[in-house]
Number of protein chains: 2
Amino acid sequence: MTTAPCFQAAMGRYFALSDDDCRMLEHLERHTAPASKDRVLWLLGARVQNLFILQSGWACTVRDTGEGERQIIELLLPGDIIGLREFTFRRHGSEARMISAGSVSTFTHQHIVDLVAASTSLAVSLFATIGRQEALLTERMLVTLHRSARVQVSHFVLETYLRLSKIQPVDPGRMPFPISQRLLGQILGLSPVHVNRTLTALERDGVLEKHRAHIVIHDPRRLHAEADFDDDYLSDRVDGLSERLAELREGDASFAVSRSGS
Amino acid sequence: MTTAPCFQAAMGRYFALSDDDCRMLEHLERHTAPASKDRVLWLLGARVQNLFILQSGWACTVRDTGEGERQIIELLLPGDIIGLREFTFRRHGSEARMISAGSVSTFTHQHIVDLVAASTSLAVSLFATIGRQEALLTERMLVTLHRSARVQVSHFVLETYLRLSKIQPVDPGRMPFPISQRLLGQILGLSPVHVNRTLTALERDGVLEKHRAHIVIHDPRRLHAEADFDDDYLSDRVDGLSERLAELREGDASFAVSRSGS
DNA sequence: CGTACCTTTGACGGCTGTCAAAGGAAGTGG
DNA sequence: CCACTTCCTTTGACAGCCGTCAAAGGTACG
């Protein structure tokens, strides 16, 4: 039951947080419990209530698409917040479940409102977080719609490698990857058969080597080229907002004042 | 230079806004100017600075995908805010441009910070807005990855019809639709040739009839079936948050207080 | 009246899905 | 420690949706 401030680190990626901000984030991570593989965090159609912070292990949100097919919408890694995109909805439009065993912190959607009310910088950090998650989704869509299966697989592996590297050092020669070929197909919208053919080809060409729960990246540069990768969308850089936050903190409410009515 | 409170109406979809909130939104819509067809609002890679409220006309955000192909990421209709998903980024990961002539209100990303600082209910409404935009993207991805071109086209037309209907009455027999077949292909990830074949088939079967700038929906119910449509993701219903906002407004900061202690 | 863009149609090819079956690897219970 | 079950991986054959290429007709606009 570690209380590694996983989420604090993630939220602090965009700009420095105050001590008060950190205390509030700690509060969110207070109720942490282990979660087994395949543990369901919420079901499709369930009333929105709880959000989660993934402390360890991998998770995903997923939708069934008629005819028994499933599509993974987002892959969540440690430090990610689960449910932010849906916290203003009445009911969940997806299912959320653990991919591997791990642990999650639980809190309610009303806590998010409290956070937003209490701290502008945390609110903006949440916008930054949701924006990054959406950028992942956008990039996935671009790749799945316009690139071959080979590029898709390469792109996803590299993206995941880069995301993981942000939260912990990762050895390209042995990167954690608890994703079966079937699941990989559900992430990319490919059939498991074709995923297998693609992986076999990538292994034959010495690009990477997928094992049951890890991947060997033989040549990161080669993979980068295979994936035709442009990593702008993974950037945590924010611009011009921290300055504005500082001004607001110092009482310059030039705009905010004008609201309360002349 | 109308000051139709287009955006206020959109922001008020989730829960009632106070007079102060409305005044602040008016402020955002102060600088409104006409925008011609194909007017570029920002370019890929440009520094993030301005956001826009689409007062009239249609717009989109778009990405080039190598090899001269383009993918429309989101379609923006009157009342939509343009740039919210990227306002915490340093540079734009997309291009934004007008699809048809219209008018837009312009303000800076720092204004969003001011808004969030000044009003919790507006901040939460912004989260609701960004969440709905992301839901559109998710649904588009599910349909494009797993359904035939026929379903994709039907789904998109119906979705657009329902979105439009939320902001103005729409006659199914003559719905505005300033989208060329080429553009429709860029939205769905299909070739213009195949879009044409699909539309031809849908017209032959009496489902709809696309003209240069409008669509005739012969039988909405039939279209609904063709699209295998589930409109949950278009819901504006929010749950449990307005109550919390009211409590906070009345000074109940039970959570916010507990943060700084024990 | 010409230019540019949009729409339409046909032929052809390929990437990827489906179906089917067999071999492996991991976990379970006796 | 072994049988059994279940899931994952692998391979082959075949089909189909959709992209590409090409060309012609239509429509708006200057």
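From a predicted model like this one, the values you see are computed outputs, not experimental measurements. Protein chains get the first letters and strands the later ones, always in sequence-line order, with residue 1 at the start of each.
Residue B:Gly185 is classed as having no contact, given no heavy-atom separation below 4.0 Å to the nucleic acid.
When ring centroids are compared, B:Phe229 and B:His224 come within the 6.0 Å threshold.
In the helix from C:dC1-D:dG30 to C:dG30-D:dC1, the rotation axis of the first five pairs and that of the last five pairs differ in direction by 50°, rounded to 10 degrees.
Between the CZ atom of A:Arg182 and the P atom of D:dT9 there is a distance of 9 Å, rounded to whole Å. The CG atom of B:Leu188 sits 11 Å away from the P atom of D:dC18 (whole-angstrom rounding). To the nearest angstrom, P of D:dT9 lies 11 Å from CD of A:Glu203. With rounding to whole Å, B:Asn196 atom CG is found 16 Å from D:dG25 atom P. In this structure, the CZ atom of A:Arg70 is 20 Å from the C1' atom of C:dG17, given to the nearest Å. A straight line from NZ of B:Lys210 to P of C:dC6 spans 10 Å, rounded to a whole angstrom. Between the P atom of D:dT9 and the CZ atom of A:Phe177 lies a distance of 11 Å, rounded to the nearest Å. Look at CG on B:Leu199: it is 10 Å from C1' on C:dT7, rounded to the nearest Å.
With DNA chain C read from its 5' end, the first of the two nearest nucleotides for A:Arg150 and B:Ile179 is the one closest to B:Ile179. Nearest-nucleotide assignment on DNA chain C puts the 5′-proximal partner with B:His211, out of A:His194 and B:His211.
Between A:Tyr233 and A:His155, the ring-plane angle classifies as parallel under the 30° and 60° cut-offs.
Closest to the A:Gln181 side chain, of the nucleotides C:dG17, D:dT9, C:dT7, is D:dT9. Relative to the side chain of A:Ser191, the nucleotides C:dT18, D:dC18, C:dT9 differ in distance, and C:dT18 lies closest. The A:Glu69 side chain lies nearest to C:dT18 when the options are C:dT18, D:dT20, C:dG17. Nearest nucleotide to the side chain of A:Ser180, out of D:dT9, D:dC18, C:dT18: D:dT9. Considering only side-chain atoms of A:Arg212, the nucleotide from C:dA20, D:dT20, C:dA26 that sits closest is C:dA26.
Here the side chain of B:Asp219 pairs a donor or acceptor atom with the backbone of B:Arg221 at under 3.5 angstrom. When atom types are taken as modelled, the side chain of A:Lys210 and the backbone of A:Asn196 share no donor-acceptor pair closer than 3.5 angstrom.
Each of A:Gln71, A:Arg70, A:Arg63 was evaluated against B:His146; a single residue qualifies, A:Gln71, per the side chain to side chain donor-acceptor pair (under 3.5 Å) test. Just one of B:Thr198, B:Ile179, B:Ile72 meets the side-chain contact (heavy atoms from CB on, under 4.5 Å) condition when paired with B:Leu184; it is B:Ile179.
A:His31 is linked by a ring-ring contact (aromatic ring centres under 6.0 Å, His included) to nothing, counting only residues two or more places apart in sequence or in another chain.
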